[in-house]
Number of protein chains: 2
Amino acid sequence: MSRATLRDVAKLAGVSVATASKALNGQPQVRAETRERVIRAAEQLSFSPNTLAQGLITQRSGTVGLLTSDLEGRFSIPILMGAEDAFGSDQTSVFLCDARGDTIREKHHLRALLSRRVDGLIVVGARPDTRPSLGDLPVPVVYAYAPSDDPADLSLITDNTGGGRTAVDHLIRCGRRRIAHITGDPGYSAAQDRARGAVDRLTEEGLTLAGGEVWFGMWSEAWGRGATRMLLERCPDVDAIFAGSDEIARGVLDVLHEERIDVPSRVAVIGFDNWSVLAVNSRPPLTTIDLNLEHLGRIAAQRLSAAMDGTAASGVETFPVRLITRESTAPLR
Amino acid sequence: MSRATLRDVAKLAGVSVATASKALNGQPQVRAETRERVIRAAEQLSFSPNTLAQGLITQRSGTVGLLTSDLEGRFSIPILMGAEDAFGSDQTSVFLCDARGDTIREKHHLRALLSRRVDGLIVVGARPDTRPSLGDLPVPVVYAYAPSDDPADLSLITDNTGGGRTAVDHLIRCGRRRIAHITGDPGYSAAQDRARGAVDRLTEEGLTLAGGEVWFGMWSEAWGRGATRMLLERCPDVDAIFAGSDEIARGVLDVLHEERIDVPSRVAVIGFDNWSVLAVNSRPPLTTIDLNLEHLGRIAAQRLSAAMDGTAASGVETFPVRLITRESTAPLR
DNA sequence: CAGCGGGCCGAAAAGGTTTTCACGAACGTC
DNA sequence: GACGTTCGTGAAAACCTTTTCGGCCCGCTG
């Protein structure tokens, strides 16, 4: 099965390539009967236009690059799906490249992508902290998840502060008053932001954190377990725990369960990320905060399209997160 | 920042485009001094060749398509990484498309990829069962993870039977004799194959499954928990459990822990998949079977390269899995 | 000194498509 | 019957690069 060219189609239809092109592309200056003949010829040869040649002359390759450092991670994939969705998949295909956290590999991929004449670039960081800008490029770029350090770039991020606030707000609405916060590495802006949001909301309510302060540590179940044990010792009457990630929340649940402390009737637990393999399967299923990453991906695609059409934006846009209610939280009584 | 063409480079270097091309591509028929001049000009203009044009004439786009139905899943990503790795990333870029289990979406993506003149295709199924062949295509195809139903195609799969055998073998070497197997949906060939491997190895040793038979159910923690409870009731002296997935294994561990049954001293537990967020974080960390998917991806890339160079293969190749020993198994005593 | 071969370089074709422009025919108008 | 429109079609240029082949200049050989 070999590839037919437009010339083959034209010959079979008895017209010139120019006419064939116009017929297939819906240009008006061709007689209906002729168009019909061309289309039939194309089908008969199962012709499909060579996108490379098209790109060469239209100066649009119909491709974008997705440059990430978080492939096996769970962030780039939803973003990719959202983006794939927003570009019609027949219009635009996406090159996926994983730099694996390595700057020179990133440069490498960048060169390759530019050489392939991608129409735009989406850059997804591995963590929500600011990352170095790629600088001035011949194609539009949007940074998603991790913002660029250059305000002239366009960055799309999730609202971690708002997420912390939402989580605590939900716990308060459940009637909880003694709320603790166990979270990950304090070196991550995500940890800091979520904690800030949580504390802000608590302060509005005239409350302070159970346990006195935020329990920073690591993004792991083990830390969730350890911190929970310490927390229970220092503060046995805690009635809600806001975990900075679903992994941590799993550790929290594990220890509560071990101590025969019922969730949610005695202690409510809320996670962060809505990583479904963790959140759905836990006992009980975990209320958590969803980052809305597919949405972020869709917006990234839209912004990219806009920029390709000449209306580029810049600055940082923050997108709201979403509360997912499951069974690990419930009103008191 | 706009894109320089080879003609710009040639003009700046004071040579013809032909010479410029040869200079940059290391062709011998150009004087060293001239080459030097061209290279400097190229750097100065930060020239990068237009891959579309190159592809047009060499008849090679330097791209491959990865068609999957398992994006948020954990299988395609390692395969993608392996493939990206095996193709030099500067030589070949990969288009990632997710059909989301939808046949017409798959057709759609396929059209788009062929239109983009990909040099080859890797098809990754969502589950290890046989899937329909894409049929005769103008480019080579390799099926990975899920084999094609057409023996004329080339399929690369993991050895699930061998995995079951390896798991049980490990438990036997740990001195266990009363080994149970809790696994997922019996409609998955993976479940059947793993079970068969396990039973085979048991039979060789003159043993039978603790609990009398394989506990088929669902691929979830909840099933792991439920099955374990039933198992303990029917067969309280079980000394090892082989779980058909890490998710199930998590459920198993959870109940054992709840029942204060020590792992691994009283019951050893082994999982399947080496899904690290589950396996590494569990208590204790989970011994499991790794599918070696990156390796599968690398081989897929190699087979594809070979096919592109004219030496196509067909049939089904099975690749061994790998035992990852952590702390949920240990010799008795 | 004629002829020849080797070393470097440039002109041109090729790859597949889109788009512009010119051309011819058919038709209507005066 | 001459002229102006409109409609449909085709020739050719353009996109950017690689590759073939011919040509030029030099130095060498006979």
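To find a chain, count down the sequence lines: A is the first, B the second, and so on, and within it residues start at 1. Note that this is a predicted model, so its numbers are computed, not measured.
In the 5' to 3' direction, nucleotides of DNA chain C lying under 4.0 Å from heavy atoms of chain B begin and end at C/dC8 to C/dG16.
From one end of the helix from C/dC1-D/dG30 to C/dC30-D/dG1 to the other, with five pairs defining each end axis, the axis direction shifts by 70° (rounded to 10°).
Here B/Arg37 pairs with B/Glu33 in a salt bridge; the nearest charged N to carboxylate O distance falls below 4.0 Å. Electrostatic pairing of B/Asp85 and A/Arg100 counts as a salt bridge here, judged by a charged N lying under 4.0 Å from a carboxylate O.
Looking at residues two or more places apart in sequence or on another chain, you find a salt bridge (charged side-chain N to carboxylate O under 4.0 Å, His left out) between A/Arg127 and A/Asp129. Residues passing the ring pair (Phe, Tyr, Trp, His ring centres under 6.0 Å) test with A/Phe87: none are found, sequence neighbours excluded.
Counting only N and O atoms by type, the side chains of B/Arg111 and A/Ser48 include no donor and acceptor under 3.5 Å apart. Between the side chains of A/Ser93 and A/Thr63, not a single donor N or O lies within less than 3.5 Å of an accepting N or O.
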Check against side-chain hydrogen bond (donor to acceptor under 3.5 Å, both in side chains), A/Asp70 and A/Ser76: CA-CA 6 Å; A/Asp70 169 55; A/Ser76 9; 3.2 Å; yes
Determine, for nucleotides 7-17 of chain D in 5'-to-3' order, which nucleotides have protein heavy atoms under 4.0 Å from the base (write B), from only the sugar-phosphate (write S), or from neither (write -). -SBBBB--BBB
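Interatomic distance, CG of A/Leu291 versus CZ of A/Phe319, reported as 12.5 Å (0.5 Å rounding).
B/Pro78 pairs with exactly one of B/Asn292, B/Leu293, B/Asn274, B/Asp290 by the side chain to side chain contact (heavy atoms under 4.5 Å, CB included) rule, that one being B/Leu293.
Residue pairs satisfying the side-chain hydrogen bond (donor to acceptor under 3.5 Å, both in side chains) criterion with at least one member in residues 307-318 of chain B, sequence neighbours excluded, are listed as follows: B/Arg60-B/Asp309, B/Arg303-B/Glu317.
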